[in-house]
Amino acid sequence: MKTLKNIKIGDYAKVVKLHGEGAIKRRIMDMGITKGAIIYVRKVAPLGDPIEVTVRNYELSIRKADAEMIEVE
């Protein structure tokens, strides 16, 4: 399974499925990360956490733990 955590800087990914349950999944969806959304990985912090992405024309920082729940292709 390929997740957002594994995408390299400068690459695009399409969301296939969101894993997780309840409030965590709802929070990810509220940020605009839903099935079919295109995500561009802008930067990764020096220690790898958080990851800065662009989704639906706005910039967003996501923790690695949350990025692991986002399955992409």
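Worth saying up front: this structure is predicted, and the values here are computed from it rather than measured.
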With a 4.5 Å cut-off on side-chain heavy atoms, are Lys17 and Met1 touching? no
Taken in chain and number order and not counting sequence neighbours, the residues that satisfy side chain to side chain donor-acceptor pair (under 3.5 Å) with Asp30 are Arg26
One should read off an interatomic distance between Leu60 CG and Ile51 CD1, to the nearest 0.5 angstrom, of 10.5 Å
In short, Val55 meets Gly32 closest at the heavy-atom pair CG2-O, 3.8 Å
Less than 4.5 Å apart, any side-chain heavy atom of Arg56 and any of Thr34?
-> yes
When you compare the side chain of Ile33 with that of Ile62, does any pair of heavy atoms fall below 4.5 Å?
yes
Worksheet item: Does some side-chain heavy atom of Met69 sit less than 4.5 Å from a side-chain heavy atom of Lys25?
Response: no
- Message: Between Ile70 and Tyr40, is there shared hydrophobic-cluster membership here, with clusters defined by ILVMFWY side-chain heavy atoms closer than 4.5 Å?
- Response: no
Would a single hydrophobic cluster contain both Leu4 and Met29, if residues Ile, Leu, Val, Met, Phe, Trp and Tyr are joined by side-chain heavy-atom contacts under 4.5 Å?
yes
One should read off an interatomic distance between Lys64 NZ and Lys5 NZ, to the nearest 0.5 angstrom, of 5.0 Å
> Below 4.5 Å, heavy atoms only, C-beta onward: do Thr54 and Ile39 meet side chain to side chain?
Replying inline: no
Item checked: SB check Arg63 Asp66 (cutoff 4.0 Å) -> yes
Self-check item: Cluster overlap Ile28 with Val16, hydrophobic side-chain contacts below 4.5 Å
Solution: no
Quiz item: Do Val44 and Lys8 have side chains that get closer than 4.5 Å, going by heavy atoms?
Solution: no
Hey, any chance Ile9 and Val53 share a hydrophobic cluster, counting ILVMFWY side chains that come within less than 4.5 Å of each other, even indirectly?
-> yes
Contacts of Thr3 meeting side chain to side chain donor-acceptor pair (under 3.5 Å) (sequence neighbours excluded), chain-then-number -> Asn6
Same cluster for Tyr12 and Leu18 if Ile/Leu/Val/Met/Phe/Trp/Tyr side chains link at under 4.5 Å? no
